[in-house]
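Quick note on labels: first sequence line is chain A, next is B, and so on, each numbered from 1. Just so we're clear, the structure is a prediction, and the values are computed from it rather than from any experiment.
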Protein chains: 2
Amino acid sequence: MESRCENCIVRQFNSLRAMNKEELKKVSDSKVYKTIKKGEALFQEGEKLDGIFCVRDGVSKLSKLSANGKDQIVKLASKGEVIGQRSVIAEESTNLSAVAVNDMEVCFIPKEIISNTLNTNPNFAVEVLRHMAHDLKEADDVIVNMSQKTVKQRMAEAFLYLKNNYGETEDGFLTLTLSREDYANVVGTATESCIRIISEFKKKGFIKTSGKQIGVANEKQLQDLIDGF
Amino acid sequence: MESRCENCIVRQFNSLRAMNKEELKKVSDSKVYKTIKKGEALFQEGEKLDGIFCVRDGVSKLSKLSANGKDQIVKLASKGEVIGQRSVIAEESTNLSAVAVNDMEVCFIPKEIISNTLNTNPNFAVEVLRHMAHDLKEADDVIVNMSQKTVKQRMAEAFLYLKNNYGETEDGFLTLTLSREDYANVVGTATESCIRIISEFKKKGFIKTSGKQIGVANEKQLQDLIDGF
DNA sequence: CTTAAAACATGATATTTATCAGGTTTTAAT
DNA sequence: ATTAAAACCTGATAAATATCATGTTTTAAG
């Protein structure tokens, strides 16, 4: 485990790279390294956060509970991403829960350092702003997908998204394994409907499965389905 | 028409209030006042923006065209709000179109002033960041609503949202009048379904209508419907 | 004032999706 | 190794929603 933020490779992917040496040293001195087991929560919807989490390894699902008791997964955050900055910046309690999809390693960074740096280092503020702008665009896209695409199309998108963003194993299965329920919560459908579509896609040869594992078997046909053919 | 930004009341509601006198003077000297007629576009999805728009009067719908040819309205922006900052900050072309819902007055502010100020005035950057964080939270809420609530619930929410954010006339109709098609594009449904629900709500006494105009007749019953009773 | 276009409206029907109910398989703890 | 719980799966059915067809009303242009 590399313990100095200054040398941490993960940082290259997120807004912390806009910090200067001095600022990074402060972060490094006050950060807390944590491991989180699969299924455990980094935080729950409604909590006040005392800082942000920088993901070193593993994946977290960010979700919001709806009135009918279902969880909607709004985003998956993985290596190099920062979780909780929206809430810290707006000085509000979080609107989302963060739960580990697999075992995680994260660094907790106290919010004082973040807000101090925001207020004094414009480069950092602009860098964070860029990331937030990107997240906002992605959220807009999700809104449009949710309202205009069918469940089958959203399932197909989910498989391609996971393939492109998390890769596949040498035997062609998606590296990131989600439960059927998680898939349902990502695309916003009932677990049974999700399972049915997985069965259908498998029968049609779009995907292959082996227990929990799912692999993309025919990317073009999945893409055609997304495009409405 | 008040022509100096320093005195513009609209500014009090958006991130421009974090600018100092000197910065505001620059904005004031380079801004361009524009009127946009109902139905005209401020910009189209995919365009590169040379600046941002500060809304002085009127309302704009921000929407994204989906593959099947339908428009999804992602947000309504009105007096005091700033449009286009996401795109300018990320230095990307816009992901949304902005079309006037009614006659508008806006000030166009060139992007150079915005980015210069972002890079030199941390107060301004943090203020913009706060607004963006707020927008992101709202977008998350929309995602959850889209996937977990029924069309009827979303329609009911739309009426209450318009009442709370734009008010009503003395005879109890919503101040902001949207076409049935716009309502459909806000809640993400077919125009026919939208019209049917309006008829049903009217029959049940939840709302009243008079031509295009719609008024909330029974707020509690609408809220009960949203809450799942 | 006339008239074409757009917006509004409603019925009939098809499609999509959720729900309920009942299974089997897998996982993890004793 | 046994067993309870969780995850997975499928059928039957109901509910929600979209689509198509068609007619009426409103709006805006000439």
Side-chain angles (χ1 to χ4, degrees), chain A residues 37-40 61 66-72 99 101-103 145-156 158 173 177-204 207-214 225-226 228, chain B residues 37-40 61 66-72 99 101-103 145-158 173-174 177-204 207-214 225-226 228:
Chain A
K37 292 232 178 69
K38 178 180 173 174
E40 287 180 357
K61 54 181 175 184
S66 72
N68 60 39
K70 278 189 189 165
D71 239 13
Q72 174 64 36
V99 173
V101 171
N102 42 34
D103 291 349
N145 278 344
M146 282 293 171
S147 72
Q148 306 285 12
K149 297 206 166 151
T150 64
V151 174
K152 278 182 199 178
Q153 289 176 314
R154 272 142 47 203
M155 286 290 295
F173 290 103
T177 301
L178 295 179
S179 70
R180 307 299 197 246
E181 191 182 2
D182 279 341
Y183 272 109
N185 292 344
V186 166
V187 305
T189 191
T191 307
E192 297 96 320
S193 300
C194 169
I195 290 172
R196 252 182 259 279
I197 289 170
I198 289 175
S199 301
E200 186 194 327
F201 281 7
K202 188 181 176 180
K203 205 171 290 171
K204 287 186 176 165
I207 62 173
K208 59 179 180 176
T209 72
S210 166
K212 282 179 122 58
Q213 290 192 100
I214 293 178
L225 193 151
I226 294 169
Chain B
K37 293 231 177 70
K38 178 180 173 174
E40 287 179 356
K61 54 181 175 184
S66 73
N68 60 37
K70 278 190 188 164
D71 240 12
Q72 174 65 35
V99 172
V101 171
N102 43 34
D103 291 349
N145 278 344
M146 283 292 171
S147 72
Q148 306 284 12
K149 296 205 168 154
T150 64
V151 175
K152 280 182 198 175
Q153 289 176 313
R154 270 138 53 198
M155 286 291 294
E157 285 202 320
F173 290 101
L174 296 171
T177 301
L178 295 180
S179 69
R180 308 297 197 249
E181 191 182 0
D182 280 340
Y183 272 109
N185 292 343
V186 166
V187 305
T189 191
T191 307
E192 297 98 319
S193 300
C194 169
I195 290 172
R196 254 181 258 279
I197 289 170
I198 289 175
S199 302
E200 186 194 326
F201 281 6
K202 188 181 177 181
K203 204 171 290 171
K204 287 186 176 166
I207 61 174
K208 59 180 180 175
T209 72
S210 167
K212 282 178 120 60
Q213 289 193 101
I214 292 177
L225 193 150
I226 295 169

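Protein atom CD1 of B:Ile195 is 14 Å distant from nucleotide atom C1' of D:dT22, rounded to whole Å. Whole-Å rounding puts the B:Arg196 CZ to D:dA15 P distance at 18 Å. If you take CD of A:Glu192 and P of D:dA7, they are 14 Å apart, rounded to a whole angstrom. When the C1' atom of D:dA7 is taken as reference, atom CD of A:Gln213 falls 16 Å away, rounded to whole Å. Separating the CZ atom of A:Phe201 from the P atom of D:dT10 is a distance of 15 Å, rounded to the nearest angstrom. The distance between atom OH of A:Tyr183 and atom C1' of D:dA7, rounded to the nearest whole Å, is 15 Å.
Between atom OG1 of residue A:Thr189 and atom CE of residue A:Met155 there is a gap of 8.0 Å, rounded to the nearest 0.5 Å. Note that the CE atom of A:Met146 and the CD atom of B:Gln148 stand 8.5 Å from one another [nearest 0.5 Å].
For B:Ala190, counting side-chain heavy atoms from C-beta on, the closest listed nucleotide (D:dC9, D:dA18, D:dT17) is D:dA18.
Taking 4.0 Å as the cutoff to heavy atoms of chain A, we find the contact window on DNA chain C bounded by C:dT17 to C:dC20.
The environment of B:Lys149 atom NZ is dense: over 12 non-hydrogen atoms of other residues, nucleotides or ligands sit within 6.0 angstrom.
Counting only heavy atoms from C-beta outward, the side chains of A:Gln72 and A:Ser66 never approach each other to under 4.5 Å. The side-chain heavy atoms of B:Ile214 and B:Tyr183, taken from C-beta on, include a pair separated by under 4.5 Å.
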*asked:* side chain to side chain donor-acceptor pair (under 3.5 Å) for A:Lys202 and A:Thr209? Distances and angles first, verdict last.
replied: CA-CA 7 Å; A:Lys202 188 181 176 180; A:Thr209 72; 2.9 Å; yes

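Within the nucleic acid shown, A:Lys70 comes within 4.0 Å of sugar-phosphate atoms alone, with no base atom in reach, counting heavy atoms only. Within 4.0 Å (heavy atoms only), B:Lys149 reaches no atom of the nucleic acid at all. Backbone-only contact: B:Ser199 has heavy atoms under 4.0 Å from sugar-phosphate atoms and none from a base.
Residue A:Lys212 places none of its side-chain N or O atoms closer than 4.0 Å to OP1 or OP2 of D:dA7. Checking the phosphate oxygens (OP1, OP2) of D:dA18, a side-chain nitrogen or oxygen of B:Ser193 falls inside 4.0 Å.
When each of B:Lys38 and B:Arg154 is assigned the nucleotide of DNA chain D with its nearest heavy atom, B:Arg154 is the one assigned upstream, toward the 5' end. Mapping B:Glu181 and A:Gly211 onto DNA chain C via the closest heavy atom, the residue that lands nearer the 5' end is B:Glu181.
Side-chain atoms of A:Ser210 never come within 3.5 Å of backbone atoms of A:Gln213 as a donor-acceptor pair (strictly under, hydrogens ignored).
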